[in-house]
Visitor: 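To start, I am sharing the structure in question, which I have written as structure tokens.
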Amino acid sequence: MIYQIEQALKQYIESLEKSRLKDAVSYALLAGGKRLRPLLMLQVIEHYGLDPSLYIDSAIALEMLHTYSLVHDDLPSMDDDTLRRGKPTLHIAYDEGLAILVGDGLLTDSFLQISKQPVLSDKQKTEMIKILSLKTGNKGMVYGQVLDIESEQKQIDIQLLDQMYEYKTANLLQASLMLGAVASNQFEALPLWEKLGYHLGIYFQIQDDILEHTSTPEILGKSKSDDIREKPTYISIVGYQNALNILNYHEQQINIFMQQLEIETSEIHETILQIKKRKA
Ligand code: IPE
Ligand code: IPE
Ligand code: MG
Ligand code: MG
């Protein structure tokens, strides 16, 4: 499935006009991310017995939107990072103006990808675009990013940190699972996928805090800027051991929702196991 995702991303890049913009989009998209978000969407579709290969072009919308969020997240006015996916960040390799515009273009084109997928009905497309907008716009991921920036050099409590992580990270993972459910016409299952995505997202972001604390930029493939920017993290607020305990709590919740969704034998379970073991 990863191979098909990579191919669809390349096809999207090939459709762009030969330009510095195209080169920069290619640089950002083909730098080798884990592709978790499109993978999750496609595995939900597979779980419901449909052919995931018919939905790849809409699934890469999630990777495009995610990549936009990373390119903007790394900008000097945000986290000011120089390494991403093992390479210099886009504004370092190119320039800041182009990095902003690459993000703008990827975000906008992600909705085009969904609108163009022949196998989806108009109702499904509308619902997918609605979920993706709600989960990533000013009521979603962008709000989380604002909470993140505003929390720098501040003492915040764990409730606010959880809220920040829900918006900035869990929301897009929720959308990924939910888009898979909509594509499969499983509208009544949406609340369960949303809850699974919530716990998976918080789990993922606590893991990020732990990895940032215990790993190296070489292994992570990205800069470690939490300390320099004095960002509150799970470790700075509750300490390493409590962070592990809370991680464990979310793992149990993930298991509960996996049971309820009956996905223990699906490929999606494998991806969740991979996330649990991840080193980057
Ligand atoms: C990184 O996401 C940003 C966070 C939400 C922590 P990933 O760890 O999925 O990044 P890539 O796509 O594999 O580079
Ligand atoms: C990234 O969060 C979340 C989004 C891009 C929405 P972070 O800033 O904590 O993640 P990394 O460490 O840069 O990947
Ligand atoms: Mg950030
Ligand atoms: Mg960052």
Side-chain angles (χ1 to χ4, degrees), residues 2 5-6 9 27-41 59-92 99 103 106 110 135-136 140-154 156 161-162 164-177 197-213 215 217-236 247 250 271-272 274-280:
I2 297 274
I5 292 169
E6 299 293 336
L9 288 170
Y27 183 91
L29 273 182
L30 301 183
K34 295 181 287 294
R35 315 306 192 199
L36 289 174
R37 293 150 190 85
L39 196 59
L40 287 170
M41 173 179 154
I60 65 163
L62 293 158
E63 189 64 24
M64 290 160 66
L65 200 147
H66 168 60
T67 303
Y68 124 72
S69 81
L70 299 179
V71 169
H72 281 191
D73 180 74
D74 290 332
L75 285 170
S77 50
M78 292 193 56
D79 289 351
D80 193 15
D81 280 323
T82 55
L83 189 70
R84 170 69 67 184
R85 293 173 162 174
K87 296 203 303 188
T89 46
L90 194 65
H91 63 272
I92 300 284
L106 285 174
S110 67
K135 291 289 185 192
T136 61
M141 184 183 77
V142 170
Y143 180 53
Q145 289 288 67
V146 173
L147 292 177
D148 180 300
I149 287 179
E150 285 178 346
S151 76
E152 282 182 11
Q153 298 174 322
K154 290 215 180 84
I156 64 166
L161 190 72
D162 265 345
M164 184 205 299
Y165 286 2
E166 177 179 358
Y167 285 109
K168 81 167 187 176
T169 303
N171 273 0
L172 184 56
L173 288 165
Q174 288 178 309
S176 306
L177 297 168
Y198 170 79
H199 291 289
L200 192 61
I202 304 282
Y203 182 95
F204 195 86
Q205 193 60 52
I206 300 175
Q207 232 184 355
D208 236 58
D209 287 352
I210 292 173
L211 288 171
E212 167 122 8
H213 186 71
S215 189
E218 291 71 34
I219 295 172
L220 293 172
K222 61 186 184 184
S223 335
K224 302 200 328 176
S225 59
D226 286 357
D227 281 350
I228 303 161
R229 303 195 70 77
E230 296 181 48
K231 288 206 195 258
T233 66
Y234 254 83
I235 295 176
S236 73
L247 191 74
H250 288 287
T271 302
I272 290 173
Q274 255 181 36
I275 291 176
K276 287 182 186 168
K277 287 188 289 195
R278 80 189 176 102
K279 296 274 171 271

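Everything numeric in this text was worked out from a predicted model, so none of it was measured. All ligand and atom numbering here is 1-based and tracks the order in the structure.
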Visitor: Any salt bridge between Asp209 and Lys231, counting N to O under 4.0 Å?
Guide: no
Visitor: Flag the pair Lys222 and Glu212 as a salt bridge only when some basic side-chain nitrogen lies within less than 4.0 angstrom of an acidic carboxylate oxygen.
Guide: no
Visitor: Can you tell which part of Lys34 has a heavy atom less than 4.0 Å from ligand 1: side chain, backbone, both or neither?
Guide: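 Under 4.0 Å from ligand 1, Lys34 contributes backbone and side-chain atoms.
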Visitor: Which option, Leu220, Leu70, Leu173, owns the non-hydrogen atom nearest atom 1 (C) of ligand 1?
Guide: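 Heavy atom nearest to atom 1 (C) of ligand 1 belongs to Leu70.
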Visitor: May I ask you to list the atoms of ligand 1 that are less than 4.0 angstrom from any heavy atom of Phe204?
Guide: 2 (O), 6 (C), 7 (P), 8 (O), 9 (O)
Visitor: Roughly how far, to the nearest 0.5 Å, is NE2 of His72 from OG1 of Thr67?
Guide: 11.5 Å
Visitor: Would you say Arg35 contacts ligand 1, with heavy atoms under 4.0 Å as the rule?
Guide: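 For ligand 1, residue contact (heavy atoms, under 4.0 Å) with Arg35 is absent.
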Visitor: Looking at Lys224 and Asp81, is any side-chain nitrogen of the basic one under 4.0 Å from a carboxylate oxygen of the acidic one?
Guide: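 The answer is no: the pair does not qualify as a salt bridge.
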Visitor: Using the ring of Tyr27 (Phe, Tyr or Trp, six-membered ring only), decide whether Arg85 places NZ or CZ under 6.0 Å from its centre and within 45 degrees of its axis.
Guide: no
Visitor: Hey, is there an N, O or S on Asp79 sitting under 2.8 Å from the Mg ion (ligand 4)?
Guide: yes
Visitor: Can you name the atoms of ligand 1, numbered from 1 with element, that are less than 4.0 Å from a heavy atom of Gln205?
Guide: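 The list of qualifying atoms is 5 (C), 6 (C).
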Visitor: What atoms of ligand 1 come within less than 4.0 Å of a heavy atom belonging to Asp208?
Guide: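 Close to Asp208: 6 (C).
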Visitor: For the residue pair Lys135 and Asn171, what are the closest heavy atoms and their distance?
Guide: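 The pair with the smallest heavy-atom distance is O-CB, 3.1 Å.
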Visitor: How close does the nearest protein non-hydrogen atom get to atom 14 (O) of ligand 1, and which residue and atom is it?
Guide: Arg85 NE, 2.8 Å
Visitor: Shortest non-hydrogen contact from Ala99 to Leu75?
Guide: CB-CD2, 3.9 Å
Visitor: Which of the atoms in ligand 1, numbered in the order shown and given with their element, are less than 4.0 Å from a heavy-atom of Gly33?
Guide: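 Selected atoms, number and element: 11 (P), 12 (O), 13 (O), 14 (O).
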Visitor: Check all N, O or S atoms of Asp73 and name the one closest to the Mg ion (ligand 3).
Guide: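 The Asp73 atom nearest to the Mg ion (ligand 3), restricting to N, O or S, is OD1.
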Visitor: For ligand 1, is there an N or O atom under 3.5 Å from any N or O atom of His66?
Guide: yes
Visitor: Can you tell me how far CG of Leu65 sits from OG1 of Thr136, rounded to the nearest 0.5 angstrom?
Guide: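 Reported to 0.5 Å precision, the distance equals 4.5 Å.
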Visitor: Can you name the closest pair of heavy atoms from Met78 and Asp73 and give their distance?
Guide: CB-O, 3.4 Å
Visitor: Strictly under 2.8 Å, is the Mg ion (ligand 4) approached by any N, O or S atom of Asp81?
Guide: no
Visitor: What part of Arg37, side chain from CB on, backbone N/CA/C/O, both or neither, has a heavy atom under 4.0 Å from ligand 1?
Guide: side chain
Visitor: If you measure every N/O of Thr169 against every N/O of ligand 1, is any gap under 3.5 Å?
Guide: no
